[in-house]
Amino acid sequence: MFKVLKTEESARRGEFSCAHGGTVQTPVFMNVGTQGAIKGGVSAHDLKEIGCQIELSNTYHLHLRPGDAIVRKMGGLHKFMDWEGPILTDSGGFQVFSLAPLRKIREEGVSFASHIDGHKIFMGPEESMQIQSNLGSDIAMAFDECVENPATYEYAKISCERTARWLERCKAEHDRLNCLPEAVNPRQMLFGINQGATFPDLRIAHMKRIQEIDCEGYAIGGLAVGEPTQVMYDIIDAVEPYMPREKPRYLMGVGTPSNIIEAVARGVDFFDCVMPSRNGRHGKLFTWEGTVNILNEKYAADPNPISPTCSCPVCRSFSRAYLRHLFKADEVLALRLAVLHNLWFYNELMAKIRRALDGDCFAEFREKYSGKLEERV
RNA sequence: GGGGGAAUUCCAGAGCGGUCAAAUGGGGCAGACUGUAAAUCUGUUGCCUACGGCUUCGAUGGUUCGAAUCCAUCUUCCCCCA
């Protein structure tokens, strides 16, 4: 269930509800816990404290370890990781891109050589739906091919036509599995994914085609894979008019704080990105003043918090000097604190975007912050 | 007291006559990271008026066209025997 509460130009303020966790306020950032955990030692309990509304996990990775059958036996992913809120599972389509050297694509689906031990795994639309059904997530993503950049027009066309056919199969299998009495989450929803690389005509044709297949939401995939930022914005601009107004839009894998602000301005509701957690683990911290590389020597004896304007649990208690020390001393606490801070920032970013939309001042918010939050402090 | 071994650029440790400003680790410094094969990867780490030059390999003196590499003395450290 999705409801647009209000709009400001193309930007939308909305509410989304699903089987778990009540209502998600959008625009929203989904905190990424690929293997059922946020990397850096952050648990689902921590997510509650840092303002996370919805969590994202991965089909391919959980299928390999511990195996979706085990997660199912444990009562589903919510119970397994003790997260009561909504969960979106990515389909494995991104691994078609990120694990390109280890896979082969055919019409039926994709065979992977496991990145862990090399054993062969076949994943097509039906397999991905079956795994996501076993995980019991609230939103299942359609199985797609995230095409690498740059792609030729010919390949992008072949690929996104195949992804459209895969969506039909996903939809059929998803509906079938949801109706089974043993379904872990019978109210699981399905989002379709738009592809077409950097070619507006392919993007638009694909978007028109996939919205004929009834999904609870539609995503834009295959962006932020190396193309210039402006190209990404141009593609969103091109596709957005063809996305259903009454359904949520999800820009997959994006992005920097400014990318998110710009995409909200273009009508996107859902986001997810590895950046706050990965960069956090690598010592790069986001603040309202810009980014802080806590590893830099200049913070060695800095008694201030990461950011003077942040009220996250980390900034409330610890100095830059302490956090830098933890990183230098290889303490796992460093990763945890850095990731907690960054996720707090991302969740707060979304809260501020929502508040700006509520107050009809998103344009000013955008003007004030877009393009500035990535500058070095 | 006697005998033997070693001293290398921040550390450890290669090198044993020219191709050495000196391998490789570590540490330091900096950068990258966008649906997570990432607690990973990359660059850099003597000085300078830098596609070239200058001073380095415990100290001093010597051999040689040429020395971190050979010789002498000294200093320090380690090991073995008494």
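These figures come from a predicted structure and were not determined experimentally. Side-chain atoms are counted along with the backbone in the values below, which use heavy atoms only and exclude waters and symmetry mates.
For the contact set between residues 98-123 of chain A and RNA chain B, defined by any heavy atom under 4.0 Å, the members are Ser98(A), Leu99(A), Leu102(A), His115(A). Near RNA chain B, meaning a heavy atom under 4.0 Å from it, residues 140-160 of chain A has Asp144(A), Cys146(A) in order of number. Of the residues in residues 25-64 of chain A, those lying under 4.0 Å from RNA chain B by heavy-atom distance are Val32(A), Thr34(A), Lys39(A), Leu56(A), Asn58(A), His61(A).
Within the structure, the side-chain hydrogen bond (donor to acceptor under 3.5 Å, both in side chains) test picks out the following pairs touching residues 193-204 of chain A (sequence neighbours left out): Asp144(A)-Gln195(A), Tyr153(A)-Asp201(A), Asn194(A)-Arg203(A), Asn194(A)-His206(A). Sorted pairs that involve residues 92-103 of chain A and meet salt bridge (charged side-chain N to carboxylate O under 4.0 Å, His left out), not counting sequence neighbours, are lacking altogether. Each side-chain hydrogen bond (donor to acceptor under 3.5 Å, both in side chains) pair with one or both residues in residues 322-345 of chain A, not counting sequence neighbours, appears once here: Asp46(A)-Arg336(A). Sorted by first and then second residue, the ring-ring contact (aromatic ring centres under 6.0 Å, His included) pairs involving residues 154-183 of chain A (not counting sequence neighbours) are Phe143(A)-Trp166(A). Among pairs with a residue in residues 1-13 of chain A, those fulfilling side-chain hydrogen bond (donor to acceptor under 3.5 Å, both in side chains) read Lys6(A)-Asp360(A), Arg12(A)-Asp269(A), Arg13(A)-Gln25(A), Arg13(A)-Asp358(A), at least two apart in sequence or across chains.
OP1 and OP2 of U40(B) both lie 4.0 Å or more from every side-chain N or O belonging to Arg281(A). Here Gln95(A) does not reach the OP1 or OP2 of G35(B): none of its side-chain N or O atoms lies under 4.0 Å away.
Across A39(B), G35(B), U36(B), the shortest atom-to-atom separation from the side chain of Ser277(A) is found for U36(B). Candidate nucleotides U34(B), G35(B), A39(B) were compared by shortest atom distance to the side chain of Phe94(A), and G35(B) ranks first.
Pairing partner, A7(B): U75(B), with both Watson-Crick or wobble hydrogen-bond distances short of 3.5 Å. Base pairing annotation: A50(B) forms no Watson-Crick or G-U wobble pair, as no partner gives both donor-acceptor distances under 3.5 Å. Using Watson-Crick or G-U wobble geometry with both donor-acceptor distances under 3.5 Å, C41(B) finds its partner in G31(B). A12(B) is paired with U24(B) under the Watson-Crick or G-U wobble criterion, all donor-acceptor distances under 3.5 Å. Partner assigned to U36(B) is none, using Watson-Crick or G-U wobble distances below 3.5 angstrom.
The same atom, C1', is picked in A6(B) and in C57(B); the two are 14 Å apart, to the nearest Å. As rounded to the nearest Å, C47(B) and U9(B) have P atoms that lie 15 Å from one another. The same atom, C1', is picked in A39(B) and in G15(B); the two are 35 Å apart, to the nearest Å. Rounded to whole Å, the separation between the P atoms of A7(B) and A68(B) comes to 15 Å. A distance of about 8 Å separates the C1' atoms of G17(B) and C70(B), rounded to the whole Å.
Hydrophobic clustering keeps Phe97(A) apart from Ile121(A) (ILVMFWY residues linked when any side-chain heavy atoms are closer than 4.5 Å, directly or through intermediates). Taking hydrophobic clusters as Ile, Leu, Val, Met, Phe, Trp and Tyr residues chained together by side-chain heavy-atom distances below 4.5 Å, Leu349(A) shares a cluster with Val377(A).
Looking at Asp68(A), Asn58(A), Asn134(A) one by one, the single match for side-chain hydrogen bond (donor to acceptor under 3.5 Å, both in side chains) with His63(A) turns out to be Asp68(A).
Applying the salt bridge (charged side-chain N to carboxylate O under 4.0 Å, His left out) criterion to Glu145(A), with sequence neighbours excluded, gives Arg162(A). Not counting sequence neighbours, the partners of Asn185(A) by the side chain to side chain contact (heavy atoms under 4.5 Å, CB included) test are Ala19(A), His20(A), Asp138(A), Arg187(A), Gln188(A).
Remark: P of G35(B) and CG of Leu251(A) are 11 Å apart, rounded to the nearest angstrom. When the C1' atom of U34(B) is taken as reference, atom CE of Met275(A) falls 4 Å away, rounded to whole Å. Residue Leu335(A) contributes atom CG, which lies 19 Å from atom P of U36(B) at whole-angstrom precision. Whole-Å rounding puts the Tyr250(A) OH to G35(B) P distance at 9 Å. Taking atom CD on Glu227(A) and atom P on G35(B), their separation rounds to 12 Å, with Å as the unit.
Between Asn259(A) and Tyr233(A), the side chains place a donor N or O and an acceptor N or O closer than 3.5 Å (distance only, hydrogens not considered). Counted by atom type alone, Ser258(A) and Glu262(A) present zero donor-acceptor pairs between their side chains at under 3.5 Å. Residues Glu289(A) and Ser307(A) bring a donor and an acceptor atom of their side chains to less than 3.5 Å of each other.
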Protein-to-nucleotide contact annotation, 5' to 3' order, nucleotides 27-32 of chain B [B base; S sugar-phosphate only; - none; under 4.0 Å, heavy atom]: -SSSSB
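A donor-acceptor contact shorter than 3.5 Å links the side chain of Ser128(A) to the backbone of Ser91(A).
When hydrophobic residues (I, L, V, M, F, W, Y) are linked wherever their side-chain heavy atoms come within less than 4.5 Å, the members clustered with Met189(A) are Phe2(A), Val4(A), Phe16(A), Val24(A), Val28(A), Met30(A), Val32(A), Ile54(A), Leu56(A), Leu88(A), Ile139(A), Met141(A), Phe191(A), Ile193(A), Tyr250(A), Met252(A), Phe270(A), Val274(A).
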